[in-house]
Amino acid sequence: MKGKRALWALLAVLAVLIVVLVLVLPGGSDDEAAETPQAAQAPEAADEDLTLWSVDASQITAMAWEGENGGMSARRSGGTWVWDSQPKLDQAAMSALAETLSTLTAARRLDTAGVDLGEFSLDAPRLTITFTALGQETSIALGLRNAGLGQDYALFQGQVYLIPADLFDAFHVSPYSLLADTGVPSLSYTQVTGLTVFSPEHALILFQPEDPAQYTYCDAYTWFTDFPDGSLALGSSQVNALVRQIINLNLSDCLGTDAALAEDSSRITVTYTDTDETGAETTASYTLLVGPLPDSEQTIDLDVSQGLDAAQEEEDSVLVRVEGSQLVYSLPAQDVRTILDTTVDDLLPEDICPIPFADLQTFTFLIEGEEYRVDVLAQENGTIYTLNGAAVDRSTASGLYSQLTGLNVEATVLNSERSVDEATVQVKLYRNRETYAVMTLSLIPYDSSFYVVDFAGQQRLLVSIRDVDALIAAVRQAAGAS
């Protein structure tokens, strides 16, 4: 009987020792696999919950921290949190940090007499936080996390405490994630009015005039580029797609300020409209400075200081900085390469003729020397449509025009320079407007498979002989039926 009692007593003592060891000795971290030190003896708990400090968040005038994700030294100036030499901070995020920091209650204070602080990683803390409130500076160092308790070991005023993990988790962030913006505004593509892309290979200069009518024959075109012989209209869908690519570049992977782009880096400038506090429209711009693009055989050639070694080894990334800011970001090289490689040829319109049917008074088809004339006559009691003087319904007139403008573009060429005198089909468009009142579209044999479209000074769209033959047959059939 006495033997059984002794056994139970021994088991009870062992159970108590196990509980003490689990609760007190350091455990693994959520952020890094840290083993529980085996050499340290378990320090004993000395107190219940302890308030280490408590101030009103509004009384905190400065916060600084340094840790695994970098550091920041911010101060409150006139009620606004500022970070010297950096863009504006996210005030809501900074206020939330101050609120987290305003009160700290420890779960317990540990008796660490004779225990090496290195056992808790407090000799080289994972995070050190210092703040100023009411003129008094306070500091705390955070070490390993006790995995069993989900609490962190902290060194405060020479004493080791177990504190809630909330403090470490709140400040264990990249300081650049606390910026209010990157220097690049959030834009809709409709706000963008100008775009320039300069790279070592070529330049692309695009603009939207206030009055496109003075530049082109059609309201469908709003984007232009300057050519030696005048301004050249560009395809709206193509330019808008390029604009979206640029304004949607994701500047979130910030590498800090310890990088310098090469002097010959590319430049992308976006001009846009916005409204000020009074609601008046304003014009502004921003410029992205782009570092050298990597090729398949070499890494990015950077002038960097400590902390950017990983970026140097990334062959699929490129460094980007907003002009006027010191912050450098990493972007996927392919996202930037597609922008820098875009040329004027990529942006030229690919529609046969964007003039709407409603703009026309008359249009004629000259097919192998024979003319077919369609008139749109506005009358008080409605609109009359005629084909070679005979009345036709609207669907016939608009159908012929739709078959012309709906010719399928099979391919493009740079500029064929075929003579319009060789045209098989020539279409004249007469419109109700002072500028570009008469336009001519010609379909000229290109080779055994295609016609080239000559319109508005360009010969670059190829359409199939089959489709043009079908158009010719439709015009002749409609004229015969009328």
Side-chain angles (χ1 to χ4, degrees), residues 50-106 125-142 152 154 156-157 163-188 191 250-258 272-287 321-329:
L50 297 172
T51 298
L52 303 188
W53 65 73
S54 181
V55 296
D56 192 282
S58 62
Q59 296 173 327
I60 298 178
T61 56
M63 294 186 294
W65 65 92
E66 189 68 38
E68 299 163 340
N69 285 340
M72 174 188 287
S73 179
R75 58 186 173 81
R76 200 195 298 266
S77 176
T80 300
W81 285 102
V82 295
W83 186 15
D84 291 342
S85 75
Q86 300 295 347
K88 295 180 180 178
L89 293 171
D90 184 332
Q91 297 302 305
M94 294 300 293
S95 295
L97 287 178
E99 189 66 41
T100 300
L101 193 56
S102 62
T103 300
L104 181 62
T105 299
R126 298 167 64 207
L127 180 68
T128 301
I129 303 172
T130 301
F131 69 95
T132 302
L134 301 176
Q136 180 177 347
E137 187 174 276
T138 303
S139 295
I140 189 170
L142 281 65
D152 294 325
F156 176 67
Q157 295 183 349
I163 66 171
D166 300 1
L167 185 63
F168 178 88
D169 292 344
F171 284 84
H172 186 58
V173 295
S174 167
Y176 304 109
S177 67
L178 300 172
L179 298 180
D181 60 64
T182 60
V184 175
S186 177
L187 298 174
S188 163
Q191 293 177 259
N250 185 16
L251 299 184
S252 60
D253 187 7
C254 185
L255 304 179
T257 60
D258 296 330
Y272 60 94
T273 58
D274 206 349
T275 53
D276 60 19
E277 298 80 4
T278 66
E281 186 174 278
T282 60
T283 300
S285 65
Y286 67 87
T287 297
R321 178 169 64 85
V322 182
E323 190 171 45
S325 170
Q326 297 180 4
L327 298 177
V328 176
Y329 299 86

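Residue numbers count from 1 along this sequence.
Distance check, rounded to the nearest 0.5 Å: OG1 of Thr128 to CD1 of Ile140 gives 9.5 Å. Put simply, CG on Leu89 and OG1 on Thr80 are 10.0 Å apart, with the number rounded to the nearest 0.5 Å. With rounding to the nearest 0.5 angstrom, the CH2 atom of Trp53 is 5.5 Å from the CG atom of Leu101. Considering CD of Gln136 and OG1 of Thr61, their distance stands at 11.5 Å, rounded to 0.5 Å. Atom OG1 of Thr282 sits about 6.0 Å away from atom CG of Asp276, to the nearest 0.5 Å. If you take OH on Tyr272 and CG on Leu187, they are separated by 6.0 Å, rounding to the nearest 0.5 Å.
Gln91 places a side-chain N or O within donor-acceptor distance of the main-chain N or O of Trp81, the cut-off being under 3.5 Å. Using a distance-only test at 3.5 Å, with no hydrogens or angles considered, a donor-acceptor pair links the side chain of Gln191 to the main chain of Thr273.
Closest approach of Pro175 to Trp83, counting heavy atoms only: CB-CH2, 3.8 Å. For Ala141 against Pro125, the heavy-atom pair with the smallest separation is CB-CG, 3.6 Å. Asp56 and Ser102 make their closest contact through C-CB, 4.3 Å (heavy atoms, listed as atom of the first residue, atom of the second, distance). Contact detail for Thr105 and Pro164: the closest heavy-atom pair is O-CD, 3.2 Å.
When side chains are defined from C-beta on, Asp152 does not count as touching Leu167, because their heavy atoms never get closer than 4.5 Å. Counting heavy atoms from C-beta on, the side chains of Phe156 and Leu50 never come closer than 4.5 Å.
A side-chain contact (heavy atoms from CB on, under 4.5 Å) with Leu251 is found for exactly one of Val328, Val184, Leu327, namely Val184. With Met63 as the fixed residue, the side-chain contact (heavy atoms from CB on, under 4.5 Å) test singles out one of Leu97, Ile129, Thr130: Leu97.
For Asn69, the side-chain contact (heavy atoms from CB on, under 4.5 Å) partners two or more places apart in sequence, or in a different chain, are His172. With sequence neighbours left out, Ala92 forms a side-chain contact (heavy atoms from CB on, under 4.5 Å) with Asp90.
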Show the numbers, then the answer: is there a side chain to side chain contact (heavy atoms under 4.5 Å, CB included) between Phe131 and Thr138? CA-CA 5 Å; Phe131 69 95; Thr138 303; 3.6 Å; yes
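Below 30°, between 30° and 60°, or above 60°: for Trp65 and Phe171 the angle between ring planes is above 60°, a perpendicular geometry.
Applying the salt bridge (Lys or Arg N to Asp or Glu O under 4.0 Å) test to every pair with at least one member in residues 69-83, sequence neighbours left out, gives these pairs: Arg75-Asp84.
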